[in-house]
There are 2 protein chains.
Amino acid sequence: MNADTAPLAHVVDDDEAIRDALSWLFRTRKLPSATWSSAEEFMAAWKPEWRGCVVMDIRMRGMSGLDCAELLRRNGSRLPIIFITGHGDVPMAVTALKRGAFDFIEKPFDDNALVDVVSSALEEDARLTLQRATREDTTARLDQLTGREREVMVLILAGKFNKVIADELNISMRTVEVHRARVFEKMGVRSAVELAQQLTVAGLYNSVAPAEE
Amino acid sequence: MNADTAPLAHVVDDDEAIRDALSWLFRTRKLPSATWSSAEEFMAAWKPEWRGCVVMDIRMRGMSGLDCAELLRRNGSRLPIIFITGHGDVPMAVTALKRGAFDFIEKPFDDNALVDVVSSALEEDARLTLQRATREDTTARLDQLTGREREVMVLILAGKFNKVIADELNISMRTVEVHRARVFEKMGVRSAVELAQQLTVAGLYNSVAPAEE
DNA sequence: ATTTTGGTTGCGGTCTTCCACAATTGCGGG
DNA sequence: CCCGCAATTGTGGAAGACCGCAACCAAAAT
């Protein structure tokens, strides 16, 4: 794993004292971290493949932490975000958490508690990343299917016989067999059951085989 | 749907003025509700089949709202819980939400906002209830499988041929076929693909067919 | 002692799947 | 105009899935 994708706790705070304190804290606890002095700076450098988590002040000069989180989500990031704040109120915390923040911690915070939270955020990201990897592989395979193959696949997943599929698509059974074989080949499976299984673990089942009956 | 299972907004608050205000508010907005003057009273009456949501004060004489929520969860309830509080602090809100509370609202609250939250909580519960129904049906079917049938089912879901399954279990192919047919019959499906599909929508796939390969 | 239930097996046969070999049509790009 | 690709179809055969019928054994229940 190269430096760009190694998991990091990204500290985003416009207060240098806090950055230094957190940086020191994480270093002494063996948690890799990086610091950014503003949301703008962080967002300018951010890349989708970054792993780890974000530890961010809510109130900063320029872009707020909440807005930054929103922007991250919009850009497709799923990095767990831990907000820290000196003057947070309940509605703010509620909003942040309901929008998916990993945690919301008030200053002054307990060093051990914060390290624990960051650790679990890193674990969470590792878990999500792993899950996403198989999902992306499956998506890539799905993308190389031709339109007809996709149609056939849906019917296969509906548990229909080749004969029935042929009938519904007004093509010969033989053609269905060819498509079926190609689908299995491209999806890297050897049976309809394996196909269903793969789509299930990738969490893509419902997106290709809409519920019916 | 009888009176006991009709969706209700259960108001739990030891302040009669609040109970009356909420009761009136919900009544005028056509949201069915019931009131309870303490967590103990509510828990004593509570039944697992209750539908709707809970609107509860955090700070009450006797059992606190947080403890009551914990108790509810322990007893298997998945009712969405909306906390209201006059003197909440950030850590309390964070704790409540991270433990699964639906929302956390400070007094004085905006009537319209509260009604919106309760409405979405009711919708959420309806959604969960529906989902749980299919899940329970599937669980019931799963429960009537014999041990051997379950073993065979797992291997079927692993995409293995009857021949291979017979080999792994040291039984004849014919026996596998019999078990296979019974599994399909008891599960109410007609193919392995449908079986995988059913377990998927019921969210039980991973509990019966642990990831491997 | 008898019945029920779960697990087991064989036979024979039909239906489906899967595959190699062989070909045709239509479309877009070089 | 030729090439590559997607979609299409056919033939024939091997392999697997599925089914009804018939049966045996052991343990548990009645």
Side-chain angles (χ1 to χ4, degrees), chain A residues 138-200 204-205 207-209 212-213, chain B residues 138-200 204-205 207-209 212-213:
Chain A
T138 302
T139 304
R141 289 172 182 279
L142 239 26
D143 284 345
Q144 63 179 348
L145 292 181
T146 66
R148 206 53 160 169
E149 285 162 358
R150 206 171 276 106
E151 286 183 79
V152 172
M153 184 179 71
V154 170
L155 297 176
I156 290 174
L157 290 173
K160 299 183 177 173
F161 292 139
N162 286 351
K163 183 193 290 187
V164 180
I165 297 175
D167 216 49
E168 291 191 20
L169 297 180
N170 284 313
I171 54 181
S172 77
M173 237 182 81
R174 189 60 190 83
T175 306
V176 175
E177 289 176 20
V178 172
H179 288 317
R180 184 189 190 109
R182 280 219 196 303
V183 168
F184 288 171
E185 185 192 341
K186 289 184 179 176
M187 296 303 293
V189 298
R190 271 160 39 226
S191 71
V193 180
E194 276 186 29
L195 177 59
Q197 210 171 15
Q198 176 169 345
L199 291 175
T200 299
L204 292 167
Y205 203 115
S207 55
V208 297
E212 44 204 292
E213 76 220 75
Chain B
T138 302
T139 303
R141 289 172 181 279
L142 239 27
D143 284 345
Q144 63 180 350
L145 292 181
T146 66
R148 207 53 159 168
E149 284 162 358
R150 206 172 277 107
E151 286 182 80
V152 173
M153 182 179 71
V154 171
L155 297 175
I156 290 173
L157 290 173
K160 299 184 177 172
F161 292 138
N162 287 350
K163 181 192 289 183
V164 179
I165 297 174
D167 215 49
E168 292 191 19
L169 297 180
N170 284 311
I171 53 180
S172 79
M173 239 181 79
R174 187 63 186 87
T175 307
V176 174
E177 289 174 19
V178 173
H179 287 317
R180 184 188 190 108
R182 282 223 193 301
V183 168
F184 289 171
E185 184 192 341
K186 289 184 178 175
M187 296 303 293
V189 299
R190 270 160 42 226
S191 71
V193 179
E194 276 185 30
L195 177 59
Q197 212 171 15
Q198 176 170 343
L199 292 175
T200 300
L204 293 168
Y205 202 113
S207 54
V208 296
E212 44 204 296
E213 80 219 73

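Keep in mind that this is a model prediction, so the values were computed, not measured.
Two residues are said to be in side-chain contact when any heavy atoms from C-beta on lie closer than 4.5 Å; Lys163(B) and Asp167(B) fail this criterion.
Distance, Arg182(A) CZ to dT8(D) C1': 11 Å, rounded to whole Å. Rounded to an integer number of Å, the gap from CD1 of Ile171(B) to C1' of dG6(C) is 12 Å. Phe161(A) has its CZ atom 18 Å from the P atom of dG16(D), to the nearest Å. To the nearest angstrom, C1' of dT8(C) lies 13 Å from CG of Asn170(B). The distance from atom CD of Glu185(A) to atom C1' of dC19(C) is 12 Å, rounded to the nearest whole Å. Counting to the nearest Å, the P atom of dG6(C) and the CD atom of Glu149(B) are 8 Å from each other. In this structure, Phe184(A) places its CZ atom 16 Å from P of dT16(C), rounding to the nearest Å. Nucleotide dA17(D) holds its C1' atom 11 Å from the CD1 atom of Ile156(B), rounded to whole Å.
When heavy atoms are screened at a 4.0 angstrom cut-off, Thr146(A) is found touching the sugar-phosphate backbone but no base atom.
Residue-to-nucleotide contacts include no donor-acceptor pair under 3.5 Å from the side chain of Arg174(B) to the base of dG13(C). Put simply, the side chain of Arg148(B) and the base of dG6(C) share no donor and acceptor less than 3.5 Å apart.
Ser172(B) has a side-chain polar atom (N or O) that falls below the 4.0 Å cut-off from OP1 or OP2 of dT9(C). At dA17(D), one or more side-chain N or O atoms of Asn162(B) fall inside 4.0 Å of OP1 or OP2 (strictly under the cut-off). Between Lys163(B) and dA15(D) there is no side-chain polar atom (N or O) within less than 4.0 angstrom of OP1 or OP2.
Among the nucleotides dC18(D), dT8(C), dT17(C), the one closest to any side-chain atom of Glu177(B) is dC18(D). Checking dT16(C), dT8(C), dA17(D) against every side-chain atom of His179(B), the shortest atom distance belongs to dT8(C). For Met173(A), counting side-chain heavy atoms from C-beta on, the closest listed nucleotide (dT8(C), dT17(C), dT9(D)) is dT17(C). Nearest nucleotide to the side chain of Thr175(B), out of dT9(C), dC18(D), dA7(D): dT9(C).
Taking the nucleotide of DNA chain D with the nearest heavy atom to each of Val178(B) and Ser191(B), the more 5' of the two is matched to Ser191(B). Residue-to-nucleotide proximity on DNA chain D shows that, of Arg190(B) and Val176(A), the 5′-proximal contact is made by Val176(A).
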Between Glu177(B) and Arg180(B), is a salt bridge (charged side-chain N to carboxylate O under 4.0 Å, His left out) present by the stated rule, with each step listed? CA-CA 5 Å; Glu177(B) 289 174 19; Arg180(B) 184 188 190 108; over 6 Å; no

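Distance check: Leu169(A) CG to Arg148(A) CZ gives 5.0 Å after rounding to the nearest 0.5 Å. Between the CG atom in Asn162(A) and the NE2 atom in His179(A) there is a gap of 11.0 Å [rounded to 0.5 Å]. A distance of 11.5 Å separates CD in Gln144(B) from CZ in Arg182(B), rounded to the nearest 0.5 Å.
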